[in-house]
Amino acid sequence: MQDFHVTVSHLPKRMVVTLQGELDIDTCPYVTHAIAPLALHNSTLTLDMSEVSFMDSSSLTMLLRLRQRSDVEGFLLELSGLPEQGRRVMELTGALPLFRMRSPELPAPRTAPEDHHASDAVRTVRPSAARDSR
């Protein structure tokens, strides 16, 4: 498996989850594991996908489940930097209109404000760490 990283940044009224690497059947569980414990009600969850190099059908399933969770729990889900290959898959399946796209001119913040300790605001999940915690 190629190197894959999930970074969760906690900001006021917003969580930014940055994905790096191939988003596929092997790596989607790490994203789900990182997002599952987040309290998202009345906030925004931004998935920064600008560093995703590949998406397969399991990533579409994961995104659709996350979209469903946003409806149930009452938070806004937005995608930022969706790769062209992923956009085509979502267009072909009719899923693209279900998601809010964050404008590239308004990049999602990647770090916490400077007055917070990085360890309090940013958590990175790597496949080996997520696997060990199961």
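Keep in mind it's a predicted model, so treat the numbers as computed, not measured.
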Would Met55 and Leu63 satisfy side-chain contact (heavy atoms from CB on, under 4.5 Å), going step by step from the backbone distance to the final call? CA-CA 11 Å; Met55 291 175 61; Leu63 290 172; 3.8 Å; yes
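- To the nearest 0.5 Å, the span separating CG on Leu19 from CE on Met49 amounts to 6.0 Å.
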Test Val31 against Phe4 for side-chain contact (heavy atoms from CB on, under 4.5 Å), laying out the working first. CA-CA 10 Å; Val31 178; Phe4 183 79; 3.8 Å; yes
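- Taking Ser58 as the reference, Ile25, Cys28, Asp56 meet the side chain to side chain contact (heavy atoms under 4.5 Å, CB included) condition, with sequence neighbours excluded.
- Of the listed residues (Arg69, Met62, Met15), just one forms a side-chain contact (heavy atoms from CB on, under 4.5 Å) with Ile35, and that residue is Arg69.
- Counting heavy atoms from C-beta on, the side chains of His10 and Val16 never come closer than 4.5 Å.
- Taking Asp71 as the reference, Arg67 meet the side chain to side chain donor-acceptor pair (under 3.5 Å) condition, with sequence neighbours excluded.
- Pairing each heavy atom of Leu40 with each of Phe75, the nearest pair is O-CB, 3.0 Å.
- Distance check, rounded to the nearest 0.5 Å: CD of Gln20 to NE2 of His5 gives 6.0 Å.
- Judged purely by distance below 3.5 Å, without hydrogens or angles, the side chains of Thr46 and Glu78 pair a donor atom with an acceptor atom.
- With sequence neighbours left out, the side chain to side chain contact (heavy atoms under 4.5 Å, CB included) criterion links Gln68 to no other residue.
- In this structure, Ser53 OG and Gln85 CD are separated by 9.0 Å, a value rounded to the nearest 0.5 Å.
- Here the side chain of Lys13 pairs no donor or acceptor atom with the backbone of Thr44 at under 3.5 angstrom.
- Leu60 and Ala95 make their closest contact through CD1-CB, 3.8 Å (heavy atoms, listed as atom of the first residue, atom of the second, distance).
- Taking OG of Ser70 as the reference point, atom CG of Leu45 lies at 8.5 Å (rounded to 0.5 Å).
- Exactly one of Leu47, Leu77, Leu66 qualifies for a side-chain contact (heavy atoms from CB on, under 4.5 Å) with Phe99. That residue is Leu77.
- Put simply, Leu98 and Leu76 are part of two different groups of oily side chains (I, L, V, M, F, W, Y) that touch within less than 4.5 Å, one to the next.
- Listed by first then second residue, pairs satisfying side chain to side chain donor-acceptor pair (under 3.5 Å) with a partner in residues 91-100 number zero, not counting sequence neighbours.
- Note on Met90: it does not cluster hydrophobically with Phe54, by side-chain heavy-atom contacts below 4.5 Å among ILVMFWY residues.
- Residues Val6 and Val17 form a side-chain contact, since some pair of their non-hydrogen atoms from C-beta on lies under 4.5 Å apart.
- Checked by atom type and distance alone, the side chain of Ser80 never pairs as donor or acceptor with a backbone atom of Arg102 at under 3.5 Å.
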